[in-house]
Amino acid sequence: MRSKKDERIYQKTKRYLEKQNDPDIEKKMKVIRQVLEKKDGEERYSYLYDLICDYLDEEFRTKNICGFHNNLCKRRCDMIERKVEKDTYENGCCHSYLHGKDCEHLKPPEGCQIKNIGCKTFTCYYLRKQGYRYTLDQIYLSRYFFNRRQKFYIENTFFVDKPEIMKGIMKRK
């Protein structure tokens with residue numbers, strides 16, 4: 001049915017979820033089986049990528065992590081460290097203060113128009129202080145599917161659409 005590698009991924013994921021005392025193990029293991037059914041590597045990574053993006057979108061939306069109100073996020077940065085005069089930011093992390101403009105993929109009021117895990121796992125200093133930090137090793141979907149080089153690439157590539165990231169993932173296979 002599955003290769004030995006797929007069986008190891010399945011068993012490691014199951015042990016990880018059991019160790020986390022996850023109440024939805026059966027539901028999540030069903031998703032893992034669906035991922036493992038994809039035999040083509042690129043198809044599998046693409047499917048997995050979409051699942052992770054959807055998971056992170058749902059996580060931020062349901063928990064209202066950024067706390068947007070009138071396009072302003074709730075982050076409050078250390079005034080001295082950041083040399084910033086205000087404590088709320090229009091369009092939050094999608095605005096580059098280095099370049100003085102919003103990400104080209106941000107289309108208010110709909111929001112982000114691309115799937116980028118790097119952007120979605122990024123949390124600002126304020127949110128990290130509040131305990132919000134996301135890494136691919138914490139997400140059961142990606143913990144055992146991607147290698148270290150792929151995870152580093154995915155988490156550190158911002159403002160780039162999925163097709164470009166998929167090329168980088170496949171290159172680091």
Side-chain angles (χ1 to χ4, degrees), residues 1-69 73-78 92-94 111-112 114-173:
M1 184 176 149
R2 290 191 287 247
S3 70
K4 287 182 181 182
K5 181 181 178 185
D6 289 352
E7 188 61 37
R8 279 195 309 271
I9 289 171
Y10 182 85
Q11 293 302 326
K12 283 181 172 183
T13 303
K14 187 173 183 178
R15 283 193 300 271
Y16 173 73
L17 292 171
E18 287 170 348
K19 190 176 178 181
Q20 301 296 317
N21 293 320
D22 195 299
D24 294 328
I25 289 178
E26 291 306 314
K27 180 181 170 187
K28 290 180 178 179
M29 292 312 296
K30 184 177 180 180
V31 172
I32 294 296
R33 281 191 291 277
Q34 290 171 344
V35 173
L36 292 171
E37 287 174 3
K38 310 287 185 210
K39 294 300 176 194
D40 176 57
E42 191 164 355
E43 180 186 3
R44 182 182 283 187
Y45 285 132
S46 179
Y47 183 67
L48 197 55
Y49 193 91
D50 289 340
L51 288 173
I52 294 166
C53 282
D54 293 343
Y55 164 77
L56 289 166
D57 283 341
E58 185 67 19
E59 186 82 358
F60 274 76
R61 187 175 21 261
T62 57
K63 293 181 179 178
N64 194 23
I65 291 173
C66 293
F68 277 101
H69 183 70
C73 73
K74 67 180 176 185
R75 89 176 160 177
R76 275 98 175 132
C77 295
D78 180 61
C93 297
C94 297
C112 185
I114 62 171
K115 290 189 174 221
N116 184 302
I117 293 175
C119 292
K120 294 174 189 305
T121 57
F122 178 81
T123 51
C124 68
Y125 175 73
Y126 173 75
L127 291 178
R128 286 192 303 270
K129 280 179 65 175
Q130 303 303 311
Y132 292 107
R133 185 173 181 86
Y134 293 89
T135 68
L136 290 178
D137 278 335
Q138 294 172 324
I139 300 170
Y140 81 97
L141 288 164
S142 57
R143 187 172 177 90
Y144 302 109
F145 280 98
F146 295 112
N147 64 40
R148 284 185 208 166
R149 290 176 59 218
Q150 288 170 321
K151 288 177 190 175
F152 182 82
Y153 173 75
I154 294 166
E155 289 179 332
N156 292 287
T157 304
F158 304 102
F159 308 132
V160 178
D161 203 358
K162 178 186 170 186
E164 189 67 32
I165 293 173
M166 288 305 300
K167 290 177 193 172
I169 289 171
M170 296 310 292
K171 196 186 302 184
R172 289 159 179 81
K173 190 173 170 186

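- Y16 OH to I139 CD1: the interatomic distance, rounded to the nearest 0.5 Å, is 9.0 Å.
- At least one donor-acceptor pair under 3.5 Å links the side chain of Y49 to the backbone N or O of I117.
- Between the NZ atom of K167 and the NZ atom of K162 there is a distance of 13.5 Å, given to the nearest 0.5 Å.
- Using a 4.5 Å heavy-atom cutoff, the side chains of F60 and Y55 are not in contact.
- Q150 places a side-chain N or O within donor-acceptor distance of the main-chain N or O of I169, the cut-off being under 3.5 Å.
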Verdict with reasoning, R44 to V35, per side chain to side chain contact (heavy atoms under 4.5 Å, CB included): CA-CA 6 Å; R44 182 182 283 187; V35 173; 3.8 Å; yes
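- Annotation: F146 is in aromatic contact with Y45 [ring centroid separation under 6.0 Å].
- Taking each heavy atom of L141 and L48 in turn, the nearest pair found is O-CD1, 3.3 Å.
- Here the side chain of T121 pairs no donor or acceptor atom with the backbone of T135 at under 3.5 angstrom.
- The closest side-chain donor-acceptor pair between E155 and Y134, if any, does not fall under 3.5 angstrom.
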Verdict with supporting geometry, K115 and D57, salt bridge (charged side-chain N to carboxylate O under 4.0 Å, His left out): CA-CA 10 Å; K115 290 189 174 221; D57 283 341; 6.0 Å; no
Stepwise side chain to side chain contact (heavy atoms under 4.5 Å, CB included) test for Q20 and Y140: CA-CA 10 Å; Q20 301 296 317; Y140 81 97; over 6 Å; no
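- With sequence neighbours excluded, no residue forms a side chain to side chain contact (heavy atoms under 4.5 Å, CB included) with N21.
- Here the closest non-hydrogen pair linking I32 and F145 is CD1-CE1, 3.8 Å.
- Although no hydrogens or angles enter the test, the distance criterion places no donor-acceptor pair under 3.5 Å between the side chain of R143 and the main chain of T13.
- The two atoms that bring S142 and K151 nearest to each other are O-CE, 3.5 Å, heavy atoms only.
- Of all heavy-atom pairs between T157 and V160, the closest is CG2-CG2, 3.9 Å.
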Check against salt bridge (charged side-chain N to carboxylate O under 4.0 Å, His left out), R61 and E58: CA-CA 5 Å; R61 187 175 21 261; E58 185 67 19; 3.5 Å; yes
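- Contact detail for C93 and F122: the closest heavy-atom pair is SG-CE2, 3.5 Å.
- In this structure, the separation between CD on E59 and CD1 on I52 is 13.0 Å, given to the nearest 0.5 Å.
- Under the 3.5 Å distance criterion, the side-chain polar atoms of D161 are left unmatched by any main-chain donor or acceptor of P163.
- Closest heavy-atom contact between L127 and I65: CD2-O, 3.4 Å.
- Side-chain N/O atoms of S46 and K38 include no donor and acceptor closer than 3.5 Å.
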Salt bridge (charged side-chain N to carboxylate O under 4.0 Å, His left out) assessment of R33 paired with E37: CA-CA 6 Å; R33 281 191 291 277; E37 287 174 3; over 6 Å; no
